Amino acid sequence: MTIFDTMQASTPVIPEKYTQMNADELTYRICEIKEKMGPTLFLPGHHYQKDEVIQFADARGDSLQLAQLSASHHEAEFIIFCGVHFMAETADILTRNDQKVYLPDLRAGCSMADMATFNQTEKAWSRLMDVFDDSIVPLTYVNSTAAIKSFVGKHGGATVTSSNAEKMIKWAFNQKERILFLPDQHLGRNTAYNLGIPLEQMAVWDPIKEVLIHEKDIKDVKVILWKGHCSVHENFTVSNIHHIRENYPDMKIIVHPECSRDVVSLSDHAGSTNYIIKTIDQAPSGSSWAIGTEMNLVNRIIHQHPDQQIVSLNPNMCPCLTMNRIDLPHLTWSLEAIEEGKPVNQIEVDRAIAVDAKKALERMLERT
Ligand code: 13P
Ligand code: SF4
């Protein structure tokens, strides 16, 4: 289900009382309910969540770590996912049927995940089969709907995250001659390039125009990239890099691989949110960094390392707006609704979709 479909369905509106409570009152209620519910409740949180929310996370991580946690966490009956819609869907697919997953605000979607719909993917697949026969294995970034994961699982493919994309692309090339990589063209291009595949052997499938864009002989194409991107990371540009290089020659640049190929190729390091956090944690005091990723995380890293000079690669960046929809009022609402026995905003993936989506996720989890 795309976030648009979810919002079309009856979406309960947050009661006004939560938007009128102050931060202290909300914090008090969250602590109180968490303590009362103990291990029956579990709150995983993605690194991009704002501080006011992530402080309550029982575990925080990048997308891979959160998927692994979902697969291994068997105690909690109620899982309140502090992240975006596709992450909560993944948690629902990987947890037992009697564990319930909730997203505090159903509007917390991911614009990239919505750039590949099931119908578009079916059409693209049939056109690509006409051109390349049965020589393609599909891979999807976890930032995709459960329906896309299901499609990929059904066709022998797997999910990937920014932490294991290299490993999964290598795995895919052991299955078939070509890969279709959905929905983030940049993660696909950056990773395939690092594995030695030249840009001329990569084509782009445009799901709107329904055309395959390629430079050289179509027979040489090894990687078909879906024309999708992250609207947050596309705001890091080559001119941001030039600005840092000219004004801070000693500064290292580290970016997320959802940034464009040009930005990644001019940076010093690229990797997942967990990789970025670890690299700065391990850097010596006095080192200086420009970071190209979501602002809530960049601000947290700056705060945690006062001994280093750290800036955002783009000084005008905003946080990921959909991640930011999870806030204290919505978290309190979720918790109180569960406490009152009338939970709201449950994420429940259709079982028919979940079966094949789980295959795609498990193929990834078995290899990482
Ligand atoms: P990772 O935490 O896996 O690096 O993912 C970043 C992201 O954009 C999640 O939406
Ligand atoms: Fe989606 Fe980009 Fe936000 Fe991650 S940062 S949730 S990929 S829009």
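As the structure lists them, so they are numbered: ligands from 1, and atoms in each ligand from 1. A quick note: this is a predicted structure, and the numbers were derived from the prediction, not measured.
At a threshold of 4.5 Å between non-hydrogen side-chain atoms, the residues Phe151 and Leu182 do not count as touching. Annotation: side chain of Thr322 is not in contact with side chain of Ser111 (no heavy-atom distance under 4.5 Å). Annotation: side chain of Ser162 is not in contact with side chain of Asp62 (no heavy-atom distance under 4.5 Å).
Within the set Met323, Glu258, His233, the minimum heavy-atom distance to atom 8 (O) of ligand 1 is found for Glu258.
Residue contacts with ligand 1 include Met87, since one or more of its heavy atoms lies under 4.0 Å from the ligand. Note on ligand 1: Tyr275 sits outside its first shell, no heavy atom being nearer than 4.0 Å. Heavy atoms of Phe86 come nearer than 4.0 angstrom to ligand 2 in no pair at all.
For ligand 2 and Asn143, the ligand atoms under 4.0 Å from any heavy atom of the residue are 7 (S). The atoms of ligand 2 that sit less than 4.0 Å from any heavy atom of Ser111 are 8 (S). Atoms of ligand 1 lying under 4.0 Å from at least one heavy atom of Ser162, given by number and element, are 1 (P), 3 (O), 4 (O). With ligand atoms numbered from 1 in the order given, ligand 1 contributes 1 (P), 4 (O), 5 (O), 6 (C) to contacts under 4.0 Å with heavy atoms of His256. Within the listing of ligand 1, atoms 1 (P), 2 (O), 3 (O) sit less than 4.0 angstrom from a heavy atom of Asp62. For ligand 1 and Ser63, the ligand atoms under 4.0 Å from any heavy atom of the residue are 1 (P), 2 (O), 3 (O), 5 (O), 9 (C). Contact atoms of ligand 1 toward Ser272: 4 (O) (distance under 4.0 Å to a heavy atom of the residue).
Within the 4.0 Å heavy-atom criterion, neither part of Thr161 lies near ligand 1. Here His47 has no heavy atoms under 4.0 Å from ligand 1, in either its backbone or its side chain. When heavy-atom distances to ligand 2 are checked against a 4.0 Å cut-off, Glu294 has no atom that comes that close, whether in backbone or side chain. Using a 4.0 Å cut-off between heavy atoms, Val84 makes no contact with ligand 1 at all. In Glu294, neither the side chain nor the backbone holds a heavy atom less than 4.0 Å from any atom of ligand 1.
A ring-centre distance under 6.0 Å is not found for His214 and Trp205.
Remark: the backbone N or O of His74 is paired with a side-chain donor or acceptor of Arg96 at under 3.5 angstrom.
The shortest contact between atom 2 (Fe) of ligand 2 and any protein heavy atom is with Cys230 SG, 2.4 Å. The protein atom (non-hydrogen) at minimum distance from atom 10 (O) of ligand 1 is Asn143 ND2, 3.3 Å. Distance from atom 3 (Fe) of ligand 2 to its nearest protein heavy atom, with residue and atom name: Cys320 SG, 2.4 Å.
Rounded to the nearest 0.5 angstrom, Asp262 CG and Ser239 OG are separated by 11.5 Å. With values rounded to the nearest 0.5 angstrom, Asn235 atom CG is found 12.0 Å from Met295 atom CE. Note that CD of Gln55 and NZ of Lys50 are 12.0 Å apart. Values are rounded to the nearest 0.5 Å. Of the inter-residue distances, the one linking His85 atom NE2 with Ile347 atom CD1 reads 3.5 Å to the nearest 0.5 angstrom.
What you find for Val223 and Ala192 is that their closest heavy atoms are CG2-CB, 4.0 Å. Residues Tyr141 and Ser144 approach most closely at O-OG, 2.7 Å, considering heavy atoms.
Distances from atom 1 (Fe) of ligand 2 show that Cys110 has an N/O/S atom below 2.8 Å.
At under 3.5 Å, a nitrogen or oxygen of His46, whether backbone or side chain, sits near a nitrogen or oxygen of ligand 1.
Applying the side-chain contact (heavy atoms from CB on, under 4.5 Å) test between Ile301 and each of Leu297, Val298, Asn299 identifies Leu297 as the sole match.
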Residue pair His233, Thr293: steps toward the side chain to side chain donor-acceptor pair (under 3.5 Å) verdict
CA-CA 6 Å; His233 289 89; Thr293 197; 2.9 Å; yes

